[in-house]
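Hydrogens, waters and symmetry mates play no part in the numbers below; they use all other heavy atoms, side chains included. Each chain gets a letter, A, B and so on, in the order its sequence line appears, and its residues count up from 1.
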Amino acid sequence: MPELPEVEYARRCLHTWMHHATIEAVAVEDARILDDGTSVRAVVRALEGQRVLEVRRRGKWLRLELAGTLSRRSGGASLLFSHLGMTGKWVADAPDAPARRFEKVRLDVVKGRRRRSVRYLDPRLFGRFVIATQDLPAWTALGPDPLDDALDPVALREKLGRRSGPIKAVLLDQTVLAGVGNIQATEALFYARIDPRRSAKSIESAEVKKLLREIRASIDRTLALQEGPEIQYVEEAGATNPFTIYGREKLPCPRCKRPLQKMVLAGRGTVFCPHCQR
DNA sequence: AAGCAAGCCTGATGGC
DNA sequence: TGCCATCAGGCTTGCT
Ligand SMILES: [Zn+2]
């Protein structure tokens, strides 16, 4: 379940591998990853021969800006959007390496004289791989990014004030804050000691401040975990759970030792301590 | 071995 | 009527 920290990690990788690189060859190994109506041919035509001008992230979206005389002439895409869904992953291999398990797309790139085969892997099809000529509506609609943008507690409180739904559900709305996922929301609400079921409009300004701080802290903590060469997702077999309460239902609350509870909130699993979070 | 988990889109419903 | 916000369901499949 990539959330913002994992996507930020992916951005750094893609930047290293592809910034100012040229895409020499493209292979779509599983066309189901493409949007309906997008053909493999269209993707290959849009990407091959292109130079990568910029790799950006906002929230959980990645955007590669491309430029190449080839596709410019044919009116091709100049943007590649990537969303990791919950199991997506970018890796780089040697140019002649065989396809990996779950490989969906392969981009063979050259940067200087270094050649790499950059692959998008995704066991499921929750991720997106989209070529476009302009920003996607989902990209444009994103709220401020907790890592990049200055977060204004006053503006956020105003936004929350118009929402009656549970605070946790509203935090997951990417137009409110870009990149907050189920884990970061769960963790930040625990540290801010706010009950996830409370109506968003009931959150006082001091609590909003605290919440913002804890969201940033939670993201920073997760980011610090990804020092290795490849992302480890919590759900991957054998991985130990690095989080404070996420995935720890029934275990003692780290603060009061009463058992943590789990419920479904807006369709998402939610762990919390009813005693500490109010 | 059936069911869970994730993010997000869609479509239905509720409310003003 | 129109516009939101909210919510349930579906997508997918490896893992418990
Ligand atoms: Zn507690």
Side-chain angles (χ1 to χ4, degrees), chain A residues 1-10 29-38 57-63 81-90 100-105 120-130 132 136-143 145-146 158-188 196-203 215 218-219 222 231-243 245-251 260 262-272:
Chain A
M1 25 80 275
E3 295 196 359
L4 188 152
E6 289 88 348
V7 184
E8 170 60 17
Y9 178 85
E29 276 112 346
D30 188 344
R32 293 177 302 165
I33 196 64
L34 307 179
D35 283 6
D36 289 341
T38 304
R57 178 196 60 78
R58 282 188 66 202
K60 299 174 206 168
W61 278 97
L62 292 162
R63 187 189 73 174
F81 289 91
S82 164
H83 193 296
L84 305 181
M86 97 187 207
T87 47
K89 195 182 266 197
W90 283 95
R100 293 225 198 177
R101 197 178 178 204
F102 308 129
E103 192 172 303
K104 302 293 179 212
V105 181
Y120 178 64
L121 318 179
D122 197 347
R124 305 178 199 172
L125 300 173
F126 282 20
R128 304 269 309 274
F129 187 97
V130 187
L136 300 181
W139 171 274
T140 312
L142 289 171
D145 186 295
E158 223 166 89
K159 227 182 245 185
L160 297 183
R162 284 179 249 122
R163 306 286 294 262
S164 63
I167 178 65
K168 172 143 177 288
V170 175
L171 284 180
L172 296 176
D173 182 339
Q174 300 297 294
T175 69
V176 172
L177 285 176
V180 177
N182 199 36
I183 296 174
Q184 311 300 340
T186 298
E187 296 279 297
R197 298 167 292 186
R198 269 176 62 189
S199 170
K201 63 167 70 144
S202 80
I203 310 293
I215 287 171
S218 172
I219 288 170
T222 313
I231 313 181
Q232 278 269 324
Y233 295 146
V234 193
E235 276 159 15
E236 276 176 14
T240 47
N241 178 357
F243 301 108
I245 66 162
Y246 175 85
R248 299 194 188 277
E249 59 270 23
K250 294 181 188 152
L251 294 173
L260 292 167
K262 181 165 185 181
M263 66 175 301
V264 175
L265 197 49
R268 322 295 301 281
T270 303
V271 180
F272 68 110

- Query: Under the side-chain contact (heavy atoms from CB on, under 4.5 Å) criterion, do Tyr120(A) and Asp122(A) qualify, and how do the steps go?
  - Reply: CA-CA 7 Å; Tyr120(A) 178 64; Asp122(A) 197 347; 2.9 Å; yes

- Hey, is Phe126(A) stacking on dC8(B)? Ring centres under 5.5 Å, planes under 30°. no

- Query: Does Glu187(A) use its side chain to pair, donor to acceptor, with the backbone of Tyr246(A) at less than 3.5 Å?
  - Reply: yes

- Query: Is Thr87(A) near enough to dT13(C) that one of its side-chain N or O atoms lies under 4.0 angstrom from OP1 or OP2?
  - Reply: no

- Message: Distance check needed: dG14(C) C1' versus Asp122(A) CG, whole Å only.
- Response: 12 Å

- Should the ring pair Trp61(A) and His83(A) be called parallel, tilted or perpendicular, given that the plane angle runs from 0 to 90° and is split at 30 and 60? perpendicular

- Kindly say if Tyr246(A) contacts the phosphate of dA5(B), meaning a side-chain N or O under 4.0 Å from OP1 or OP2. no

- Message: Quick check: any donor-acceptor pair below 3.5 Å linking the side-chain of Arg162(A) to the base of dA5(C)?
- Response: no

- Where the side chain of Lys262(A) is concerned, which of dA6(B), dC8(B), dA5(B) is the nearest nucleotide? dA5(B)

- Separation of dC11(C) atom C1' from Phe129(A) atom CZ, nearest Å, is 20 Å

- Task: Please state how far atom CG in Leu172(A) lies from atom P in dA5(B), giving the value in whole angstrom units.
- Result: 15 Å

- Message: Heavy atoms from C-beta onward define the side chain here; which of dC8(B), dT12(C), dC7(C) lies closest to that of Pro166(A)?
- Response: dC7(C)

- Message: With a 4.0 Å limit, can you tell me whether Arg163(A) has a side-chain N or O closer than that to the phosphate oxygens OP1/OP2 of dG15(B)?
- Response: no

- Rounded to whole angstrom units, what separation is found between the NZ atom of Lys89(A) and the P atom of dA6(B)? 18 Å

- Query: Would Thr270(A) and Lys168(A) count as having a side-chain donor-acceptor pair, cut-off 3.5 Å?
  - Reply: yes

- Note on the structure: From the candidates dG14(C), dA5(C), dC9(B), the one with an atom nearest any side-chain atom of Pro123(A) is dG14(C)

- Message: Measuring from the side chain of Lys60(A) (C-beta onward, heavy atoms only), which nucleotide among dC7(C), dC8(B), dT13(C) has the closest atom?
- Response: dC8(B)

